[in-house]
Amino acid sequence: MTSRIGIIGVGPVGAAAAYALLLQHVARELWLADIKLDRRDGQVRDLADVAAVVADPKSPGGGARATVRAATHHEVAAECDIIVITAGSKYTIGETSMQHLYRKVSIVRSIVAAMQPIRRDAVLLVVSNPVDLLTSLVKEMAGLPAGQVLGTGTELDGVRLRALVASEMGTPASSINLNVVGVHGPSQLATWSTATVNDQPLQQTLLSTHHPTLLADECKRRSEAIVHAKGSTEYGIAAVIARLCAAILDDTQSVHAVSHFQAEFGCCFSLPAVLGREGVVRTVAVELTEAERAEMERSVRLLRGRIGSVEGDGAV
Ligand SMILES: NC(=O)c1ccc[n+]([C@@H]2O[C@H](COP(=O)([O-])OP(=O)(O)OC[C@H]3O[C@@H](n4cnc5c(N)ncnc54)[C@H](O)[C@@H]3O)[C@@H](O)[C@H]2O)c1
């Protein structure tokens, strides 16, 4: 089986994703691209050492072989099974949030343009933020079937929230059925109304003793707190990238909360989806109360408005 993963943008997130993919033996080949060629080549050399250690028979896993090489955007697009987009830019002094958004949009648009033509069966995984807006734009530009373009969305938020609830309740996270859906960020929605622990409604247990809003807020604020403390947040999202890539390459048909195209809304946001070799196989219906649905739809309308404004302003 081929397993060639390309990563476009090897800053902290792209490099940590490569590291996780190597340690978990997800890909046999990693192709790295970045607009900064020195950084790309430095990351290739550093990660080639990781591949060498992993390939050593004394390492856990018994010496799985993988290679790491530098590539152009075009080579990644033409040859890789999965293309992970982690390119981004930090705020510069004096830049408004709108200017910064336009810069991020321009970066992603230039990447998709530089990649053409993209291998017809490639799956594109967008990580760069704002992930739903950028996944929507990539989906429009890539010229691939909608299911082959997805974003990391709220997968990490769901894992994080289940871990927080599990720790409050002193129960394993695996016993908790609770999703985070919608637009990744401040308006993402935790599906409290249908959440269960050990198949019992969570409402009757956790909710009587702990306020769910506090846990959901803690979940939303966690990334900001990590960035505040150390400047970037790469390990959690890297672990998520590795598991989504494994689900796709191994055709696991497992369910993940990824950002993907919703025809009814004309954009991408997170709902649970079955993942397989062709990307998103299908969306899994999620039960929401009327109030939850209204809240999610409100944030999706805002997302649509933002997509319309970056398209309309010629910023991209
Ligand atoms: N979705 C999530 O949950 C999540 C979590 C963490 C980070 N992120 C996002 O991941 C992205 C990357 O984070 P980071 O900390 O590594 O960012 P960073 O800005 O430190 O690094 C980005 C890298 O992209 C490269 N780049 C810029 N323009 C490029 C282009 N046109 N082609 C190729 N490479 C290009 C830069 O040279 C740099 O190496 C950000 O958008 C961040 O917000 C998302």
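In listed order, ligands and their atoms are each counted from 1. Excluded from the calculations below are hydrogen atoms, water molecules and symmetry mates; all remaining heavy atoms, backbone and side chain alike, are included.
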Pair Leu244-Leu125, side chain to side chain contact (heavy atoms under 4.5 Å, CB included): steps then yes or no: CA-CA 9 Å; Leu244 295 178; Leu125 175 61; 4.1 Å; yes
Sub-4.0 Å heavy-atom environment of ligand 1, residues by chain: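 Its neighbours under 4.0 Å (heavy atoms only) are Ile8, Gly9, Val10, Gly11, Pro12, Val13, Asp34, Ile35, Lys36, Arg39, His73, Thr86, Ala87, Gly88, Ser89, Lys90, Ile107, Ser110, Ile111, Val127, Ser128, Asn129, Thr152, His184, Thr233, Ile237, given by chain and number.
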Between Asp251 and Gln253: side-chain donor-acceptor atoms closer than 3.5 Å: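 Yes.
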Chi angles and distances behind the side chain to side chain contact (heavy atoms under 4.5 Å, CB included) call for Thr152, Ile237: CA-CA 8 Å; Thr152 44; Ile237 192 66; 3.9 Å; yes
Heavy-atom pair with the smallest gap, counting every atom of Ser270 and Ala257: OG-O, 3.7 Å
Contact summary for Cys80 and Ile5, nearest pair of heavy atoms: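 Closest approach of Cys80 to Ile5, heavy atoms only: SG-C, 3.9 Å.
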Side chain to side chain contact (heavy atoms under 4.5 Å, CB included) between Glu95 and Arg103, intermediate numbers included: CA-CA 10 Å; Glu95 192 178 41; Arg103 196 145 60 87; 2.7 Å; yes
